[in-house]
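Beneath this line is the structure, given in structure tokens, with notes to follow.
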Amino acid sequence: MLVFIDRATGEDHFSDAFAYEELYGGAIIKVKCQWGFYSDNEDVQLAGSNPSAEEEETGEGGETKERKIDLVHQFKLVECTYMNKKGFKEWLTDEDNLKKKKVPTATLR
């Protein structure tokens with residue numbers, strides 16, 4: 001499995017399980033995702049298990065599921081709320097900030 005990692009922060013972004021397309025020579029990666037309904041405390045179902053035989057009776061107080069993008073749910077991605085558009089442009093143009101991060105130039109593939 002190939003996992004794409006952010007070079008500056010070291011965080012996982014997505015894996016090759018998702019269809020992706022490299023644009024502008026790999027500077028931008030476009031990933032195909034889907035909307036779905038997910039719960040934060042879902043039980044993992046093993047392959048070969050019979051969910052109907054193990055299913056509990058759901059009565060009142062059933063858990064509600066939230067509509068999320070599958071990539072965001074699986075990799076637990078969060079929105080960057082501490083930076084607005086203007087701040088992001090300033091961060092990109094600030095060469096000292098990139099030098100402090102010591103971003104490796106070698107590709108990870």
Side-chain angles (χ1 to χ4, degrees):
M1 175 186 273
L2 183 64
V3 177
F4 290 82
I5 300 172
D6 184 2
R7 292 184 196 167
T9 63
E11 296 176 356
D12 298 348
H13 283 285
F14 68 97
S15 71
D16 62 347
F18 293 92
Y20 67 93
E21 175 185 358
E22 292 184 5
L23 305 172
Y24 304 107
I28 296 176
I29 298 177
K30 183 179 178 180
V31 182
K32 185 173 181 173
C33 344
Q34 298 177 5
W35 285 97
F37 289 96
Y38 300 100
S39 172
D40 285 337
N41 33 344
E42 287 182 11
D43 291 332
V44 176
Q45 295 204 359
L46 300 174
S49 65
N50 187 355
S52 62
E54 300 170 6
E55 187 175 300
E56 296 179 10
E57 299 247 348
T58 56
E60 298 174 22
E63 186 175 351
T64 60
K65 295 190 176 193
E66 189 176 349
R67 185 172 184 238
K68 298 179 183 178
I69 298 174
D70 58 354
L71 179 71
V72 173
H73 175 71
Q74 290 180 11
F75 284 89
K76 298 183 180 9
L77 302 175
V78 293
E79 183 179 357
C80 178
T81 57
Y82 59 86
M83 189 178 295
N84 58 12
K85 188 175 181 179
K86 182 180 176 185
F88 181 69
K89 285 182 180 179
E90 290 174 4
W91 180 82
L92 282 178
T93 56
D94 185 15
E95 293 181 51
D96 293 333
N97 191 12
L98 294 176
K99 288 178 184 175
K100 289 178 188 175
K101 289 283 186 181
K102 296 181 183 177
V103 177
T105 57
T107 59
L108 298 176
R109 295 210 270 175

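Here the structure is a predicted model, which means the values were calculated and not measured.
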| said: To the closest 0.5 Å, what do you measure between CD (E90) and NZ (K85)? | reply: 13.5 Å

| request: Enter the distance from Q34:CD to K32:NZ here, rounded to the nearest 0.5 Å. | output: 7.0 Å

Restricting to non-hydrogen atoms, name the atom on [X] and the atom on [Y] that form the minimum distance, rounded to 0.1 Å.
| X | Y | answer |
| --- | --- | --- |
| C33 | I69 | CB-CG2, 3.5 Å |
| L77 | D12 | CD2-O, 3.8 Å |
| L71 | H13 | CD1-O, 3.9 Å |
| D16 | F4 | N-CE1, 4.5 Å |

| request: Report yes if the distance between the aromatic ring centroids of Y38 and H73 is under 6.0 Å, otherwise no. | output: yes

In terms of hydrophobic clusters joined by side-chain contacts under 4.5 Å, are [X] and [Y] together?
| X | Y | answer |
| --- | --- | --- |
| L23 | Y20 | no |
| F75 | W35 | yes |
| V31 | L2 | yes |
| I28 | F18 | no |

| field | Any side-chain heavy-atom pair of I29 and F14 under 4.5 Å | value | yes

